[in-house]
Amino acid sequence: MRALLIAGNWKMNPATVAAAAGLARAVKAGVGQETTVHIVVCPASVHLSLIDQILEGSPLGLGGQNMHWKTEGAYTGELSAAMLVDIGCTHVILGHSERRHGMGETDRMVNDKLMAALGVGLIPIVCLGETKDERLGDRTEAVLLTQLSGSLAGLEPEAMARVVLAYEPVWAIGTGLTASPEQAQAAHAFIRGWLAQQFGQATADHVVVQYGGSVKPDNALELLSCPDIDGALVGGASLKAADFLAITECGRQAARRKSGKTH
Ligand code: PEP
């Protein structure tokens, strides 16, 4: 069975070092030594170093929100994969829709970043998803195919097994609209089917595919209980420790359901 992964994408929040530290301390205290689900927080890059120190001794992972594909050099304002590892990161979010649609990030760029992340042992969380117009135009699967084949180009099955995917319908991110469990499960099953075709069934069965898009404590259990949904990438609700912890508790309950345990 795939272990669930719940990741909090703090984006350009909270506004101060003190607030970011407080959030990290509260999440750490709430998670304790619990490891039934894997949990990662992805703070702003300026807060990573401090949050890494705060998380010491906890099973929580630490993720960057972006990186450059080059290893070093004249790339003003950028971070390399090795810098993220050096500062304590285990994960990095790549190809978030806010970067694809707001900063012109292409599948080719995501693919280059993916290779650089894997090269230094970071676990990439590669985001995919259709816009509202694409869904209404019945183009969801075509868009996913383009993003999957472009972003994951050139990977061998062994490398693919180290990648996490996040299906995030753009129309559901930060909007309060959530894909229904049926819509999300259908997209996840499509993604897993494509993985099986390209990399073989064993790899497809191994890859964690998160759902993202207005995941909240009151919808998380239903989404996370779907057979092909292996976790959540959480934006807004990850900024309130109580909400994020409630979502991780839904993850534990969903994991118990999936393993057939009733307690
Ligand atoms: C996200 O930022 O990846 C996200 C899913 O945000 P939200 O949960 O706020 O929709």
Side-chain angles (χ1 to χ4, degrees), residues 4-15 19-20 23-24 27 37-45 47-48 51 61-67 89 91-103 105 110 113-114 117 123-132 134-135 140 143-144 147 151 163-181 183-185 187-188 191 208-224 226 228-251 254:
L4 270 69
L5 173 65
I6 312 285
N9 175 13
W10 294 1
K11 310 192 187 189
M12 203 166 70
N13 300 296
L23 179 57
V27 172
V37 298
H38 296 157
I39 305 168
V40 175
V41 292
C42 304
S45 57
H47 297 151
L48 281 169
I51 307 285
L62 183 67
Q65 298 177 12
N66 179 39
M67 49 166 265
C89 287
H91 292 69
V92 62
I93 299 171
L94 298 179
H96 191 280
S97 67
E98 286 154 15
R99 298 203 60 83
R100 287 179 183 270
H101 296 281
M103 321 271 174
E105 198 157 301
V110 175
K113 292 179 181 200
L114 174 68
I123 300 173
I125 300 177
V126 176
C127 303
L128 319 153
E130 80 287 359
T131 63
K132 186 175 172 195
E134 289 163 345
R135 175 158 284 264
T140 298
V143 169
L144 292 178
Q147 293 177 337
S151 304
V163 176
V164 171
L165 300 178
Y167 168 62
E168 299 208 301
V170 180
W171 49 272
I173 297 179
T175 58
L177 298 173
T178 314
S180 68
Q183 285 172 320
Q185 167 57 28
H188 282 237
I191 291 168
V208 167
V209 187
Q210 299 178 300
Y211 169 78
S214 299
V215 175
K216 309 283 179 211
D218 61 359
N219 59 25
L221 181 59
E222 224 189 330
L223 286 160
L224 293 171
C226 294
D228 286 297
I229 299 184
D230 312 315
L233 183 53
V234 185
S238 70
L239 295 173
K240 286 192 192 142
D243 285 358
F244 187 61
L245 290 167
I247 292 169
T248 66
E249 180 49 35
C250 292

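Keep in mind it's a predicted model, so treat the numbers as computed, not measured. Atoms within each ligand, like the ligands themselves, are counted from 1 in listed order.
Numbered from 1 in the order shown, with element, the atoms of ligand 1 that lie under 4.0 Å from a heavy atom of Ala172 read 10 (O). Atoms of ligand 1 found under 4.0 Å from any heavy atom of Gly213 (numbered from 1 in listed order, with element): 5 (C), 10 (O). Per-residue contacts place Ser214 under 4.0 angstrom from the following atoms of ligand 1 (heavy atoms of the residue considered): 7 (P), 8 (O), 10 (O).
The minimum heavy-atom distance between Ala220 and Val215, with the atom names listed, is CB-CG1, 3.9 Å. Of all non-hydrogen atoms in Ile6 and Gly231, the two that sit nearest each other are CD1-CA, 4.3 Å. Closest heavy-atom contact between Val126 and Ser151: CG1-CB, 4.1 Å.
Val209 has its side chain out of reach of Asp228: every pair of non-hydrogen atoms, C-beta onward, lies at least 4.5 Å apart.
At least one N/O-N/O distance between Asn9 and ligand 1 falls below 3.5 Å. Between Lys11 and ligand 1, an N or O atom pair is found at a separation short of 3.5 Å.
Remark: minimum distance from atom 3 (O) of ligand 1 to any protein heavy atom is reached at Glu168 OE2, 2.7 Å. The protein non-hydrogen atom at the shortest distance from atom 1 (C) of ligand 1 is His96 NE2, 3.2 Å. Given atom 9 (O) of ligand 1, the protein heavy atom at minimum distance is Gly236 N, 2.8 Å.
Judged purely by atom type and a 3.5 angstrom limit, Gln210 has no side-chain atom pairing as donor or acceptor with the backbone of Ile229. With Asn219 contributing its side chain and Ser214 its backbone, the two residues share a donor-acceptor pair below 3.5 Å.
Between Tyr211 and His188, the ring planes are tilted. Angles from 30° to 60° get that label.
Closest to atom 10 (O) of ligand 1 by heavy atom, among Gly174, Ala232, Gly235, is Gly174.
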Query raised in the report: Given Leu62 and Val41, is the side-chain contact (heavy atoms from CB on, under 4.5 Å) satisfied, shown in steps?
Result: CA-CA 5 Å; Leu62 183 67; Val41 292; 4.3 Å; yes

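With a 4.0 Å heavy-atom cut-off, ligand 1 is reached by the backbone of Ile173 and by its side chain too. Residue-level proximity to ligand 1 for Ser238 is absent, since no heavy atom of it falls below 4.0 angstrom.
Judged by the shortest distance from any of its heavy atoms, Lys216 lies outside the 4.0 Å radius around the atoms of ligand 1.
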